[in-house]
Structures are given as structure tokens and as C-alpha cells.
Q: 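Below: one structure in C-alpha cells.
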Amino acid sequence: AEAAGDAARGLAIYQRAVRLDATNPIAYLALARHHVANGHPEEASAFLDQARVLFEAEGEMGASVDVWGIGLRAWIDRAEGHDAEANARFEAARALSPEIWSDELLSAGELK
């Protein structure tokens, strides 16, 4: 829905996913991505923190997972005007996954 331009419907779907399974870290990453993409970095940060807690609880904090967290935190930093921190984090995210983070954005379709 969000990839098709319907941000409100996308948000509703992400919120429903969290209601159905509050232990699904991908749903929280999707919410974080949605909020930073739509100009709400403070909400994005809270959802990203929750996703990290859930990934850590599952013992799944490897590079393939952390690349989303690093890039999203960089995107949040950029939105909040913390360019030095954003640049360093984007560099790290691009090193792990240049095909996703080369443009410093994460589309709904790239979060799989």
C-alpha cells in the first residue's frame, strides 16, 4: 500500500501487524521507516528502539539485520539535523548493503 502511494493505508497495516504480533521486530522496523519517511523522526526512533530490543531478545542482531537499524538511525539523524552522525552511520550502512542504502533512503519494498 505504501509503495503504491497510500501512506495512510500502509501505516494502518503496520499498526495492525504490531497488534497481531507485538513481538515482530520487522513490523516495528516498518513503522520506524514509515515515520521517518513521513517527517516524524521522533516516533521513528521509538519504533526503531523497540525493533532492536526484539531482535536482541531473539538473538538475531547480526549484520544482515543491523544494516536496517544503522541506516534507519542515520536517516533519523539526518531528519533531526545531526549530519555528522548521519554521514558516519550511512557510510556504515552502505558498507553492509550498498544496494539498499546508496540513496540514503529505505523504501517499503526494500524492507524484507
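What you see below is based on every heavy atom in this structure, not just the backbone, and it leaves out hydrogens, waters and symmetry mates. When a residue number appears, it is its place in the shown sequence, counting from 1. Nothing here was measured: the structure is a model prediction, and the numbers come from that model.
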Q: Of all the heavy-atom pairs spanning A74 and A86, show the shortest one and how long it is.
A: O-CB, 3.4 Å
Q: Check this for me: does any side-chain nitrogen of one of R73 and D49 sit under 4.0 Å from a carboxylate oxygen of the other?
A: yes
Q: Quick check: closest heavy atoms across A1 and G10, and the distance to 0.1 Å?
A: CB-N, 3.9 Å
Q: Can a donor-acceptor pair be found, under 3.5 Å and without considering hydrogens, that links the side chain of D66 to the backbone of G69?
A: no
Q: Same cluster or not: I26 versus I70, using hydrophobic residues (I, L, V, M, F, W, Y) connected whenever any side-chain heavy atoms lie under 4.5 Å apart?
A: yes
Q: Using 0.5 Å steps for rounding, measure from the CD1 atom of I76 to the NE2 atom of H82.
A: 10.5 Å
Q: Check each of L72, L105, L48 against R33 using the side chain to side chain contact (heavy atoms under 4.5 Å, CB included) test, and report the only one that passes.
A: L72
Q: Roughly how far, to the nearest 0.5 Å, is CD of Q50 from CG of L31?
A: 10.5 Å
Q: For side chain to side chain donor-acceptor pair (under 3.5 Å), just list the numbers for E99 and S97, CA-CA rounded to whole Å, side-chain angles, deciding distance to a tenth of an Å, and then say yes or no.
A: CA-CA 6 Å; E99 67 280 1; S97 187; 2.9 Å; yes
Q: Any non-hydrogen side-chain atom of F90 less than 4.5 Å from a side-chain atom of D77?
A: no
Q: Would you indicate whether E91, at its atom CD, is surrounded by more than 12 heavy atoms from other residues, nucleotides or ligands within a distance under 6.0 Å?
A: no
Q: Going from CZ on R94 to CG on D103, what distance comes out if it is rounded to the nearest 0.5 angstrom?
A: 9.5 Å
Q: Does the pair R78/E85 count as a salt bridge with the N-to-O cut at 4.0 Å?
A: no
Q: To check you understand the geometry: which heavy-atom pair defines the closest contact between A44 and V36, and what is its length?
A: CB-N, 3.6 Å
Q: Would you say the side-chain atoms of E56 pair up with the backbone N or O of V53, donor to acceptor, closer than 3.5 Å?
A: no
Q: If two hydrophobic side chains count as joined below 4.5 Å and joins carry through other members, does I100 share a cluster with F55?
A: yes
Q: Nearest 0.5 angstrom please: E43 CD to N38 CG, how far?
A: 10.5 Å
Q: Are any of the side-chain heavy atoms of P41 and H35 separated by less than 4.5 Å?
A: no
Q: With the side chain counted from C-beta on, respond yes when L29 and Y14 share a heavy-atom pair under 4.5 Å apart, and no when they do not.
A: no
Q: Rounded at 0.5 Å granularity, tell me how far CH2 in W101 sits from CG in L96.
A: 11.5 Å
Q: Side chains of V18 and F47: closer than 4.5 Å at any heavy-atom pair?
A: no
Q: Distance check, rounded to the nearest 0.5 Å: L11 atom CG versus H34 atom NE2?
A: 4.0 Å
